[in-house]
Amino acid sequence: MGLVVQKYGGSSVADAEGIKRVAKRIVEAKKNGNDVVVVVSAMGDTTDELIDLAEQVSPMPAGRELDMLLTAGERISMALLAMAIKNLGHKAQSFTGSQAGVITDSVHNKARIIDVTPGRIRTALDEGNIAIVAGFQGVSQDKKDITTLGRGGSDTTAVALAAALDAEVCEIYTDVDGVFTADPRVVKKARKIDWISFEDMLELAASGSKVLLHRCVEYARRYNIPIHVRSSFSGLQGTWVSSEPIEQGDEQVEQAIISGVAHDTSEAKITVVGVPDKPGEAASIFRTIADAEINIDMVVQNVSAASTGLTDISFTLPKSEGRKAIDALEKNRSGIGFESLRYDDQIGKISLVGAGMKTNPGVTADFFTALSDAGVNIELISTSEIRISVVTRKDDVPEAVRAVHTAFGLDSDSDEAVVYGGTGR
Ligand code: ADP
Ligand code: ASP
Ligand code: MG
């Protein structure tokens, strides 16, 4: 008998009907002879609503209390799902992240999983239960406080449990039929990908394709857990994310030159204006940011004006960290030495991802041509071996994504991509 881990996202369990529909699907997997562990997210947009609520009582809620609040969302769905499964005549038990043995560090709101000790899950399975685990949460090893894993973190819970339980596969059920060549909400002609390597998926996820969370893919690659991303609303095969290409019929699916286009409008740009152009300046700026436990993304230093000896340094970071970063820099203003700070949250990032880039010299030129033909102005550029990213105005993002998608021949000539649920929030 195999063990499967299934994860259902918020859009799949948005209401009572959704929970009952998902319960039936879980019971099918159990009837097929599998041990089934289910990771579930909060219903619909519950997490966003809880954050809104917190901000109404406090503009900067304490991390510990925010985590305590947010984990309530997943507790609601796990209990309801267990009830729905029992109603179908099967045994089910729900567990919080802490009860399931998800041990994390103590960085509130974006904790990292450092160990998984799923003893209670094993016992529940041995007793014939379907185990339902609240996603996105854990307990900190040192302080024993409740933590959350960052937005979209239920994906990581699922893969971490799959690794700890030695599951055959981790199935991620969502509101689209798999991983597409672009977000189907933006590109109607996006094409479903049958197989994608961990490396390309990692870059897409890191570049904003929220269908899978970056950390979840990192985890899956480290423990070599195949992920099957598929819709909970259809019976179609989805996308396999794994180290080796899958077989389809008698043939092996080939690695695409370009896997897809990702976009991200969740970042902001901070420009540190008037920084002395001498060694150590960038170090002290980014040390300040690191000490505030903020991850940054792109960095650009402008050429300094020879007459002043001053330069500007810009970097991007999650909008949610903007306030904290500005406060930290202001506090260190005399130590670092700069004239002023500029904050811009009307930016967006577009990224082209594909392992074939390494060996196809025209890709960068074609990418910039597509953007210029679409009249999109570029503010920052960054690249890796298998990715090119640019920052533009936020309003230009949808048009830019579509232009690049078409230019690289990714448009599907068959049906439009289906989005079954969710609000896209
Ligand atoms: P869930 O509630 O299941 O966790 P998410 O909203 O986190 O769902 O992720 C699914 C969404 O990811 C889709 O509805 C889609 O809008 C978005 N998305 C972004 N990029 C892609 C992509 N390349 N392929 C598929 N979906 C994508
Ligand atoms: N409910 C959490 C969120 O909305 C975690 C998740 O859905 O994966 O971010
Ligand atoms: Mg998600």
Side-chain angles (χ1 to χ4, degrees), residues 6-14 18 22 39-52 66-67 69-78 97 109-111 133-138 147-160 171-193 196 200-201 203-217 227 229-233 238-239 241 258-266 320 350-353 397-398 401 405 410 412 417-425:
Q6 302 188 328
K7 176 255 169 178
Y8 292 90
S11 48
S12 296
V13 292
V22 162
V39 173
V40 68
S41 295
M43 294 169 72
D45 291 333
T46 302
T47 308
D48 290 294
E49 286 154 16
L50 290 173
I51 292 173
D52 290 349
L66 190 60
D67 275 352
L69 176 72
L70 296 191
T71 51
E74 269 70 12
R75 289 178 80 137
I76 294 172
S77 44
M78 73 176 192
N109 310 150
K110 52 177 181 191
V133 178
F136 169 64
Q137 53 180 274
T147 53
T148 62
L149 309 177
R151 298 307 308 273
S154 299
D155 293 347
T156 317
T157 306
V159 170
E171 296 184 318
I172 305 276
Y173 285 90
T174 183
D175 56 8
V176 287
D177 281 317
V179 181
F180 284 72
T181 47
D183 186 341
R185 283 179 208 272
V186 175
V187 182
K188 291 286 164 232
K189 287 185 162 302
R191 211 183 314 147
K192 188 175 81 188
I193 301 171
I196 183 169
D200 279 18
M201 191 64 233
E203 289 281 1
L204 280 178
S207 308
S209 295
K210 69 169 185 160
V211 62
L212 279 184
L213 192 72
H214 175 237
R215 276 189 185 172
C216 135
V217 187
I227 302 178
V229 183
R230 55 197 306 196
S231 166
S232 73
F233 298 81
T239 302
V241 188
I258 297 298
S259 283
V261 188
H263 73 274
D264 189 357
T265 51
S266 68
S320 54
I350 298 129
S351 305
L352 183 72
V353 171
V397 166
V401 172
H405 195 266
L410 298 173
S412 156
V418 185
V419 178
Y420 297 91
T423 59
R425 188 168 171 184

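One-based numbering along the sequence shown. Note that ligands are numbered from 1 as they come in the structure, with each ligand's atoms numbered from 1 the same way.
Every atom of ligand 2 with a heavy atom of Thr47 under 4.0 Å away is listed here by number and element: 1 (N), 2 (C), 3 (C), 4 (O). Near Ser209, the atoms of ligand 1 lying under 4.0 angstrom from a non-hydrogen atom of the residue are 20 (N), 23 (N). In the vicinity of Ser41, heavy-atom distances shorter than 4.0 Å reach the ligand 2 atoms 6 (C), 7 (O), 8 (O). Listed by number with element, the atoms of ligand 1 under 4.0 angstrom from any heavy atom of Gly178 are 24 (N), 25 (C). Interface of Glu74 with ligand 2, defined as ligand atoms under 4.0 Å from a residue heavy atom, comprises 1 (N), 2 (C), 5 (C). The Gly152 neighbourhood of ligand 2 comprises atoms 3 (C), 5 (C), 6 (C), 8 (O), 9 (O), with distances under 4.0 Å to a heavy atom of that residue. Near Arg151, the atoms of ligand 2 lying under 4.0 angstrom from a non-hydrogen atom of the residue are 3 (C), 4 (O), 9 (O). Atoms of ligand 1 lying under 4.0 Å from at least one heavy atom of Val179, given by number and element, are 24 (N).
Regarding atom 3 (O) of ligand 1, its nearest protein heavy-atom neighbour is Thr174 OG1, 2.7 Å. Looking only at protein heavy atoms, the nearest one to atom 21 (C) of ligand 1 is Asp183 CA, 3.7 Å. Annotation: atom 27 (C) of ligand 1 to nearest protein heavy atom, Val211 CB, 3.6 Å. Scanning the protein heavy atoms around atom 6 (C) of ligand 2, the nearest turns out to be Ser154 OG, 3.4 Å.
At a 3.5 angstrom cut-off on N or O pairs, Asp175 counts as close to ligand 1. Close N/O approach between Phe180 and ligand 1 is found [any backbone or side-chain N/O within under 3.5 Å]. Taking any N or O of Lys210, backbone or side chain, at least one lies under 3.5 Å from an N or O belonging to ligand 1.
Look at Gly10 and you'll find a heavy atom under 4.0 Å from some atom of ligand 1. Residue contacts with ligand 1: Ser11 is included, with a non-hydrogen atom under 4.0 Å away. Not a single heavy atom of Gly152 sits less than 4.0 Å from an atom of ligand 1. Under a 4.0 Å heavy-atom criterion, Gly135 is not in contact with ligand 2.
Salt-bridge check for Asp155 with Lys210: failed, with every basic side-chain N at 4.0 Å or more from each acidic carboxylate O.
Under the side chain to side chain contact (heavy atoms under 4.5 Å, CB included) criterion, Val397 pairs with His263, Thr265, Ile350, Thr392, Val401, not counting sequence neighbours.
The two residues Ala182 and Val187 come nearest to each other via the heavy atoms CB-CG2, 3.7 Å.
Of the heavy atoms in Lys7, only side-chain atoms (C-beta onward) come closer than 4.0 Å to ligand 1. Counting heavy atoms under 4.0 Å from ligand 1, residue Pro184 touches it through the side chain alone.
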